[in-house]
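A short write-up of the structure that comes next.
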Amino acid sequence: MSQPLDILGGITAEQFLAEYWQKKPLLVRNALPEIVSLLEPNDVMELALEENISARLIKQKDKDPNQWAVKSSPLIKGDFQKMPKLWTLLVQAVDHYSFDLAEMWKKFSFIPQWRRDDIMVSYAQKGGSVGKHFDFYDVFLVQGYGHRRWQLGQMCDADTDYVAGQPLKLLPEIEVNFDEILAPGDLLYVPPGLAHYGVAEDDCLTYSFGFRMPNVTEMMDRISDKFSDNQLLKNPLTDVLRNQQNAIGQITQHELDYLKEKLLAQLQNSTVLDDAIMSLMSEPKYPDNVPEAEEVGTGDLEEALEQGYLLMLEPASRLLYTYEDGELLFWANGEGVGISEQFAPVLKQLADGEVVALNEALFDQDILEDIAQLLNDSVIMLMPSETDE
Ligand code: SIN
Ligand code: CO
């Protein structure tokens, strides 16, 4: 039985997963006070202008707030001139730019890393919002600065109608059954499909910890890519045994079954299927955020070892593992990772979000080569153990 968690308002992860996760909202007052001092509105404005950042500026017309406009990144200073009264700035993947914010994921470690999407930050002044809407993903909305009023309503799905003619997928109505103002540190879990509407009460920063889930189409696409790389499968199949003639316009059930059987036999090939799914799930959402690494050799690592460096996951990268017949197999940033057996337990720790000291135990040529490779691919990174605060 796990411990009651402050972030969940004193219930256990088991209870949350059984009663709320993907089912119903949960409001927790003062769930994450640590987030409050991380960013201020100006930091978010500056971040939105950075190269490669993914941001959107959403405006509502002064004359008719039901008319919306969206400007997507790259954003420039000029985009913030002549602003209407109501606007919101959304900045994606801020966890890739702030280690302190990336650390906050640890509070949600009752959900595995492969489900994580990113942490988006919204900035709005009084009255600003992104409209009434629903998301297909689970999201924990955490108030970081100022206040936001949240209204929650009905469950929606892919058949739900949106307001026509707007650049955002907005709901015409929300049947309000929850109406609360969130203060700094408060958290609201919103399950997929639940209509929600958040309006800034004052200068307001809201963090969205988003969790993604693939759909079958995405997985099918990836599986078909993997199979199409296999040259052997490009050979035509041999014909069915022909012992009678049929009408020439017909494919008989027997012929159809034969073709399906050949196809399904390939789909039973779990090495390709596992590789396809693991590659997809380890793909970074914002590959441009994965920094270009400075080339590191094993000699540099020996020096770093003496200076007491730490190894950790690069926040914009994704590293996942699975067990196959008791053996650890890794995927990072959309590809399989081959490493030495000795390094596997350490890489597992890193994939689990642990920080690992670069110590004597890693002083092995194979391990150092693995570490150098992963550093050069920016899957992991080196941090000085004592940071100057
Ligand atoms: C916001 O922070 O304004 C929007 C977040 C959301 O609705 O998912
Ligand atoms: Co939303």
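We use all heavy atoms of the structure for the numbers below, so side chains are in, but hydrogens, waters and symmetry mates are not. In listed order, ligands and their atoms are each counted from 1. All values derive from a computational prediction rather than experimental measurement.
Using a 30° and 60° split on the angle between ring planes, Phe140 and Phe16 fall in the tilted class, from 30° to 60°. Between Phe134 and Tyr162, the two ring planes are parallel [angle under 30°; tilted spans 30° to 60°].
The closest side-chain heavy-atom distance from Leu141 to Trp150 is below 4.5 Å.
Contacts of Trp114 classified as ring pair (Phe, Tyr, Trp, His ring centres under 6.0 Å), with partners at least two apart in sequence or in another chain: none.
Judged purely by atom type and a 3.5 angstrom limit, Ser385 has no side-chain atom pairing as donor or acceptor with the backbone of Leu310. In this structure, Asp364 contributes its side chain and Asp366 its backbone to a donor-acceptor pair below 3.5 Å.
Sorted by first and then second residue, the pairs that involve residues 66-100 and meet ring-ring contact (aromatic ring centres under 6.0 Å, His included), not counting sequence neighbours, are Trp87-Tyr123.
With Leu205 as reference, Leu39 is the one residue of Leu89, Leu39, Val142, Val91 to meet the side chain to side chain contact (heavy atoms under 4.5 Å, CB included) rule.
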Less than 3.5 Å apart, N/O on ligand 1 and N/O on the protein: could you list those pairs with the distances?
unit_1	atom_1	unit_2	atom_2	d
ligand 1	2 (O)	Ser122	OG	2.7
ligand 1	3 (O)	Arg148	NH1	3.4
ligand 1	7 (O)	His133	NE2	3.0
ligand 1	7 (O)	His196	NE2	3.2
ligand 1	8 (O)	Asp135	OD2	3.3

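Sorted by chain and number, the protein atoms of type N, O or S within less than 2.8 Å of the Co ion (ligand 2) are His133 NE2, Asp135 OD2, His196 NE2.
A donor-acceptor pair shorter than 3.5 Å cannot be found between the side chains of Asn42 and Glu46.
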